[in-house]
Amino acid sequence: MARAPPSAVDPSLPPPPPPPRSGRKLINAMFRSNQQQQLQPGDLDPNNENGPGETDAEPDESRPANEPQSASLPNHEKPSPRKTIFPGGKNLINSMRNLSLRSKPKAAAGAADWEKQWDEDDEDSSEEEEVGPLHFQDPPVEEDAKLPAQTVPENQEVSVISSDDALEWDTAVQQNLEEKPDIQMFLPMLRVLGKGSFGKVVLVQKRTGKDRGGLYAMKILRKSHLVKRRQIERTKTERKVLSLVNHPFIMKLHFAFQSEDKLYLVLDYCPGGELFFHLSRFRRFPERVARFFAAELLLAIGHIHKRGIIFRDMKPENVLLDADGNVKLGDFGLAKCGIVHPLEGALSMCGTPEYMAPEVLAQAGHGFCVDYWGLGMILYEMMTGLPPWYTTDRAKLFRKLKSAPLDIPSYFSAQAASCVTGLLERDPRRRLGVLGIRSAMEHSFFRNVNWRALYARRVEPPIRPCEGWKSPESIRYNEEMGGQASVDDFAAIEEINACDLDAAVQNFENQFTRMPVESEDHGSQHQAEELAALSELNADTFRGFSYDGKEHPLEISNQDSSTSLDSSGPAHQVQPHTLD
Ligand SMILES: Nc1ncnc2c1ncn2[C@@H]1O[C@H](COP(=O)(O)OP(=O)(O)OP(=O)(O)O)[C@@H](O)[C@H]1O
C-alpha cells in the first residue's frame, strides 16, 4: 500500500537544542538547562489540532491545558542510566535483599542459594514454566468499553485476543536462499551506532546481491563475552523471536550468521534513532504525539502477544524510529515465548528496574500484562519526561513501584490520565489490556486513532527525524512508484559518501558515530579471559543460530570465519568452521 512521502519540516517546530550525550545523563542535563525547549500542544502541526491519524478530536475541557510540568511533577532526583537486568543480575539481587520481596519458594533457600539459583536460571531459561493449552475467547468488546476497569474474575481463562485479525499486515518474508550472507557482503562497515551490554551495533551497506546498496544495522556479539556473561540463551531468544515476527513497527531481522568468535544479526536500520533521543530533545511530548507513538507500540505489542511472545523490556531506549518517524520496537533479548496468558507463564525477575511491573518484582509469575504496564510507563514518560516513581535509589524505587501513588500531572487530559492509570494498574487482573489488545485500542484515549491507516503507515508521523536525507531504499521506492531519481541518487545507492553518512547517522550519539568502526569492544588485558571463555564453547553452543532450512524463512548461514572484523583492513578468508 502506498505511503505518504515525508513532507517538509513543519515551520512551527522550534529548532531543538543539540541533545546531550547519552542515556539518563540526557535527562540530567535537561533538568539543569533553562534553555530547554518545551513543545506545546499544537507546536508540531498548527493546522491539525487533532493527533496524527485522528479525526474530530474533541478538546478536553476537564483539565487545564499546558500547565507547566514543574508545577505538578515531584522533585526528581538525579537520574542515572537505565540498565536492563537479565535473570541472574547481581546488582538487582543486592537491592532486593533489603526489600523482603523474596516471598517465593526460591527465597526460602536464603540469599546465597537464591543467588546461585539465579545463576543457574541464567544458564537454563527453562525455569520459566510454560503454560498450558490456549483457550481463546473473543472479548465482549462493547461491554468492555463501559467498564471502568479491566477486571478478570478469579479463575476465568483469558487469553491474547485475536480480533485484531483485520488489521494484520503479514507480508511474507522473501526467501532468497541462493544468497548466503556472510560478513564480506557488508564490508567495509560504515559507522558505529551504539553499544549494548554484549556487543556493538554498526551501520553497514549490502555490497552484493539482491538489495545491493541497502543500509542495515548489524549487531555484532562476541561469543566469548556471551559465555562470560552467561547470555547465550538471551541471544538465542533474540534471534528466534526476531525471526518469528513480521510487523511494520517491529525491527526486522534480515540475516543471521556467525564466525568462530562472533555472532551477527543484520537488522532493519532505524535512522531515526532512539525515541529516547527525541524525547530528551523535546523534554516531553504533547499528548497527541505521545498518543501516536503509544498507538504504534500498542499494535506492535498486540502482534507479538498474538504469537505467544512477551517483550518484558519496554522503555524508550528500546523504541527506535525509522526514516519516516514510525516506531520500530527492538531488543528482544528478554522476550519470552510460549506465553498465552495475561498473568502467568513466566517467573524470572528481569527487565529494567525503573520499568518493572509489580508482578515481576514480586516474582508472582507474569504473563503478557507486563507489556501493558511497560506501555503505561513509556506513555507516562513521553508525556512528562521521566518514568513515574523515578529515583536513583534502587531500594526506594522498588518500594515506590510497589506501592507509591501515581502522580498524574494536571495537564494530562482526562482520557490520558485514565489510560495511564489503567495501564499502570498494579493488579494485572485489573490492568488495561488484560482482555487483549482490542480492549486497550478501544480506550477513549485512542478514540480518534485511525488504526487501519496507522497500521498501513499512512498516518504522517509527528516527528520527521531524517529530514533532507534520502535513504537508498527511499530512492528506490520513489523510482518504483514512478518518481524521478537522478543519476546522483543512484550513485548514492552504490557508494555512500562521508557527507551522506553523517546525515544517515544524525540521530545517533557522536560518541559512537565518531568511534573507529574497527575499535575493539574491550582491551587486550581481557584476551586471556576471552580465550578461556571461548574454550567453553562447543559445537552445539550456538546451534540453531544459523539457518537450518526448516524454520522461518530467513537468509541465515554459517559464514566463513574471519580472523577479526575489528582488525583494520578487510577480514581474511579462512576455512569454514563446523559450529553448526
Ligand atoms: N536496528 C537498529 N538501527 C539503528 N540503531 C540501532 C539498531 N539497533 C540498535 N541500535 C543502536 O545501537 C545501540 C545498542 O543496541 P543493543 O541492542 O546492542 O543494546 P541496548 O539495547 O542498548 O543494550 P542492552 O543490550 O544492554 O539491552 C542502541 O542503543 C541503538 O542506539
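Whatever order the structure lists them in is the order used to number ligands and atoms, beginning at 1. Note that the structure is predicted; figures quoted are calculated from it, not measured.
Less than 4.0 angstrom separates some heavy atom of Tyr269 from each of these atoms of ligand 1: 3 (N), 4 (C). Of all the atoms in ligand 1, the ones that sit under 4.0 Å from a non-hydrogen atom of Leu320 are 4 (C), 5 (N), 6 (C). Close approach to Asn318 involves these atoms of ligand 1, each under 4.0 Å from a residue heavy atom: 21 (O).
In this structure, Pro271 and Phe508 approach most closely via the heavy-atom pair O-CE1, 3.8 Å. In terms of heavy-atom proximity, Phe293 sits nearest to Met382 at CB-SD, 3.7 Å. Minimum interatomic distance between Asn507 and Pro465 (heavy atoms only, all atoms of both residues): ND2-O, 2.9 Å. The heavy-atom pair separating Asp322 from Arg457 by the smallest distance is OD2-NH1, 2.7 Å.
Taking distance alone, with nitrogen or oxygen atoms compared against 3.5 Å, Val201 stays at or beyond that limit from ligand 1. Considering backbone and side-chain atoms together, Asp313 places no N or O closer than 3.5 Å to any N or O of ligand 1. Considering backbone and side-chain atoms together, Asp268 places an N or O closer than 3.5 Å to an N or O of ligand 1.
At least one heavy atom of Lys195 lies less than 4.0 angstrom from ligand 1. Ligand 1 lies within reach of Phe508, whose nearest heavy atom is under 4.0 Å from it. Assignment of Arg234 to the shell around ligand 1 is supported, since a heavy atom sits closer than 4.0 Å.
Looking at Glu274 against ligand 1, only its side chain comes within 4.0 Å, counting heavy atoms. When heavy-atom distances to ligand 1 are checked against a 4.0 Å cut-off, Lys219 comes that close only through its side chain, counted from C-beta outward. Under 4.0 Å from ligand 1, the heavy atoms of Ala217 that appear belong solely to its side chain.
Ring planes of Tyr372 and Phe368: perpendicular class, angle over 60° (limits at 30 and 60°).
No close placement of the Phe292 and Phe285 rings is indicated, their centers lying 6.0 Å or farther apart.
None of Phe255, Tyr264, Tyr269 except one satisfies the ring-ring contact (aromatic ring centres under 6.0 Å, His included) rule with Phe186; the exception is Phe255.
Nearest-heavy-atom check against atom 8 (N) of ligand 1 across Glu238, Met251, Met218 picks out Met251.
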If you apply the rule side-chain contact (heavy atoms from CB on, under 4.5 Å), what do you find for Glu381 with Lys315, and how did you get there?
CA-CA 9 Å; Glu381 181 163 357; Lys315 57 179 175 179; over 6 Å; no

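Remark: Leu329 CG to Leu275 CG distance equals 11.0 Å, nearest 0.5 Å.
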